[in-house]
Structure formats: C-alpha cells, structure tokens
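We're numbering straight along the sequence, starting at 1. None of these values were measured; they are calculated from a predicted model. Note that ligands are numbered from 1 as they come in the structure, with each ligand's atoms numbered from 1 the same way. In what follows, every heavy atom counts, from backbone to side chain, and hydrogens, waters and symmetry copies are set aside.
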Amino acid sequence: MTLREMVAECNRIVFFGGAGVSTESGIPDFRSEDGLYRQKYDVSPETMLSSGYFYSHTEEFYRFYRDKMLPLGAQPNAAHKKLAEWEREGKLLAVVTQNIDGLHQKAGSRRVYELHGSVHRNTCLKCGKKFSAEYIARGKGVPRCDCGGLIKPDVVLYGELLDDDTVRGAVGAIRRADMLIVAGTSLTVYPAAGFVEDFRGKYLVLINRDETPLDGRCDLVLHEKVGEVLGNL
Ligand code: NAD
C-alpha cells in the first residue's frame with residue numbers, strides 16, 4: 001500500500017516529528033552528518049543545552065543559543081505546509097514535535113504539541129514577564145528583564161522535565177490516531193521518543209533519511225526527505 005492510499009483512507013492522522021522536519025528549511029538537526037553534533041565545540045552541544053550549564057555558564061549558553069538555536073528567518077517547508085493543509089481539511093488530529101522552532105505554527109498548524117518547548121516563548125524567572133524570540137535575538141550577553149531577573153527560553157533543556165499538559169495532549173492524540181507518521185527524528189531523545197509506543201491505530205509510517213530503531217515495526221518505511229515526500233503527495 002502506498003502512502004497516498006493510506007492518507008486517503010485515514011482522517012485521524014497524527015504526525016510525530018523531530019529536527020529532520022526542519023532541515024529542508026535550513027535549520028541543522030543534531031545527529032546527521034552535517035548536524036550540530038558533528039561540529040567542533042570545546043563543550044558538547046548536549047552539555048551546553050543542559051539546565052546545569054544554563055545556570056552555571058549563562059553567558060556561554062546564550063552565545064551558543066543565539067548562534068545556533070534562533071534561526072528566526074527560517075520558513076516552513078513543504079512538510080510543514082502539507083500538515084497544516086491536512087489539519088484544515090479535517091484529516092489531521094495533531095502535530096507532536098520535538099522541535100522548538102515554531103515552523104509548524106508559522107505554516108498554519110493550530111494543534112501542535114511542542115514536547116521540548118519553543119524559542120518563541122521566553123520568561124523572566126523573577127517576575128514572569130514574557131519576551132519574544134526577537135527580543136532575545138536582538139540583545140547581547142545575558143538577557144535580563146526590567147526587574148533585573150534572568151530571562152530563560154521556555155525550551156526543555158537536558159535535565160529538565162517535559163510539561164505535563166503537553167505530554168497528556170500529545171499521548172492522547174497518538175492514542176486516538178488511525179495513522180501515525182513518524183518523521184525526521186533519530187528517536188533517541190527520551191522520554192519523547194517513547195510516546196510513539198502508545199499508537200494503537202492502523203498504519204505506522206516512518207519517513208526518515210537514516211535508519212531508526214522503529215524501522216522494523218512500521219507498515220511503511222521511506223528513507224527519504226520528508227519535505228519531498230509530503231510535498232509530492
Ligand atoms: P536528530 O538530530 O537526533 O535526528 C534527526 C533525524 O532526522 C536523523 O535521523 C536524520 O536522518 C533525519 N533527517 C534529517 N533531515 C531529514 C529530512 N529532510 N527528511 C527526513 N529525515 C531527515 O533529531 P531529533 O530526533 O529531533 O532529536 C534532537 C533534539 O534536538 C530534539 O529534541 C529537538 O528538540 C532538538 N532540535 C530541534 C531543532 C529544531 O527545532 N529545528 C533543531 C535541532 C535539534
């Protein structure tokens with residue numbers, strides 16, 4: 001059965017994606033050959049994006065974060081656009097994403113569970129005031145609120161817990177889905193990667209350039225670019 005036929009048959013599709021969904025928008029992922037983990041840093045990206053590092057090396061954290069994690073000019077690609085279209089047509093229940101770039105919303109998707117938060121929300125740790133990603137990108141050094149408090153991106157750093165409501169919403173959608181499309185993720189970041197185990201529907205589809213631990217259990221595996229695959233449907 002082809003992906004086109006499966007999609008035609010289903011109307012409770014859930015899309016579970018990762019960094020590979022945004023590489024065709026020019027944002028590097030972590031684990032591909034040209035991903036951030038292959039670039040040379042004195043400290044590993046995993047350390048720099050940890051909660052401990054944020055509080056102990058705030059200035060260095062923000063240097064890396066502004067440089068690599070705030071691609072504000074990036075535009076949605078064919079994958080983001082197709083998913084927004086399916087939602088409008090009533091075929092797609094939700095997008096569950098590990099991405100923090102906000103590109104699904106920029107493409108028009110409304111029900112998006114951002115498991116790892118978003119660069120577009122930033123909060124003063126002292127008074128709770130909210131700041132935009134543009135505010136963080138424009139500033140220099142450690143961003144501070146008028147009240148003097150430290151501003152932190154609402155991004156789930158390594159060592160931090162996922163938001164309960166977001167997890168409940170994501171898992172609930174996956175359980176109700178008749179089709180789950182997993183794409184652009186190495187499925188190595190837990191607990192997020194484990195949520196695909198909750199799928200009980202008809203078709204499990206994987207679209208990922210490289211192999212993943214889920215390949216052997218899918219109804220359809222496409223080792224292709226997700227933007228090209230969805231864009232061609
Ligand atoms: P990952 O880097 O571990 O894996 C990405 C996977 O996507 C790889 O297996 C790769 O083969 C595949 N891939 C790359 N481009 C693709 C394409 N065009 N089509 C299909 N497959 C493609 O990413 P992950 O599993 O999401 O885990 C990394 C963590 O890093 C996530 O938690 C995420 O929050 C974060 N992250 C987010 C962004 C973003 O927001 N855009 C970017 C980098 C990392």
Side-chain angles (χ1 to χ4, degrees), residues 3 15-39 41 44-51 54 64-83 95-107 109 112-122 133 136-137 153-163 166-167 170 181-196 205-215 218 220-233:
L3 180 58
F15 182 89
F16 180 96
V21 177
S22 293
T23 53
E24 288 164 84
S25 294
I27 304 178
D29 64 8
F30 278 177
R31 291 176 186 78
S32 290
E33 239 161 67
D34 47 358
L36 277 184
Y37 283 8
R38 303 286 171 97
Q39 301 176 20
Y41 297 102
S44 77
E46 227 149 10
T47 302
M48 280 193 274
L49 293 173
S50 68
S51 162
F54 175 79
F64 175 79
Y65 180 80
R66 281 203 185 90
D67 200 24
K68 300 292 179 191
M69 310 299 291
L70 275 180
L72 296 182
Q75 296 302 322
N77 62 49
H80 300 105
K81 289 178 190 162
K82 179 61 73 177
L83 295 167
V95 169
V96 179
T97 182
Q98 300 167 81
N99 292 349
I100 56 176
D101 54 35
L103 286 184
H104 286 293
Q105 290 90 335
K106 206 167 182 177
S109 283
V112 183
Y113 295 105
E114 295 175 304
L115 295 173
H116 294 159
S118 172
V119 298
H120 294 285
R121 296 185 295 273
N122 301 273
I136 305 292
D154 292 1
V155 160
V156 179
L157 300 173
Y158 288 100
E160 291 181 337
L161 294 174
L162 273 53
D163 175 69
T166 309
V167 169
I181 303 177
V182 179
T185 172
S186 60
L187 290 172
T188 50
V189 178
Y190 280 82
F195 299 156
V196 300
V205 175
L206 186 110
I207 311 169
N208 205 62
R209 237 174 27 197
D210 297 303
E211 283 180 18
T212 78
L214 198 66
D215 286 24
C218 292
L220 181 68
V221 176
L222 301 169
H223 287 151
E224 295 171 44
K225 290 186 171 181
V226 59
E228 286 179 8
V229 171
L230 295 192
N232 285 333
L233 281 182

Any atoms of ligand 1 less than 4.0 Å from a non-hydrogen atom of Glu224? List them with their elements. 19 (N), 20 (C)
[X] side-chain N/O to [Y] backbone N/O, donor-acceptor pair under 3.5 Å:
X      : Y      : answer
Thr23  : Gly20  : yes
Ser25  : Gln75  : yes
Asp101 : Leu103 : yes

State whether a side-chain donor-acceptor pair under 3.5 Å links Thr47 with Ser44. yes
Would you check whether [X] has a nitrogen or oxygen atom less than 3.5 angstrom from a nitrogen or oxygen atom of ligand 1?
X      : result
Ser186 : yes
Lys225 : no
Met69  : no
Ile27  : no

To the nearest 0.5 Å, how far apart are OH in Tyr113 and CG in Leu162? 14.5 Å
Record the part of [X] in heavy-atom contact with ligand 1 below 4.0 Å; permitted values are side chain, backbone, both and neither.
X      : result
Val226 : both
Ser22  : side chain
His116 : side chain
Asp101 : both

Proximity flag [X] to ligand 1, non-hydrogen atoms under 4.0 Å:
X      : value
Glu228 : no
Pro28  : yes
Gly227 : no

With Glu114, which of His104, Gln98, Arg121, His120 fulfils side-chain hydrogen bond (donor to acceptor under 3.5 Å, both in side chains)? Arg121
For atom 27 (O) of ligand 1, the protein heavy atom that lies nearest, with its residue and separation: Arg31 NH1, 3.5 Å
Out of Ala192, Gly20, Gly18, Pro45, indicate the one that has the non-hydrogen atom closest to atom 16 (C) of ligand 1. Gly20
Check: of Leu187, Thr23, Ile100, min heavy-atom distance to atom 40 (O) of ligand 1 comes from Ile100
With a 3.5 Å cut-off and sequence neighbours excluded, list the donor-acceptor pairs that the side chains of residues 223-233 form with protein atoms.
{"residue": "His223", "atom": "NE2", "partner": "Asp215", "partner atom": "OD2", "Å": "2.7"}
{"residue": "Asn232", "atom": "ND2", "partner": "Glu228", "partner atom": "O", "Å": "3.0"}

Exceeds 12 heavy-atom contacts within 6.0 angstrom, atom CD of Glu211: no
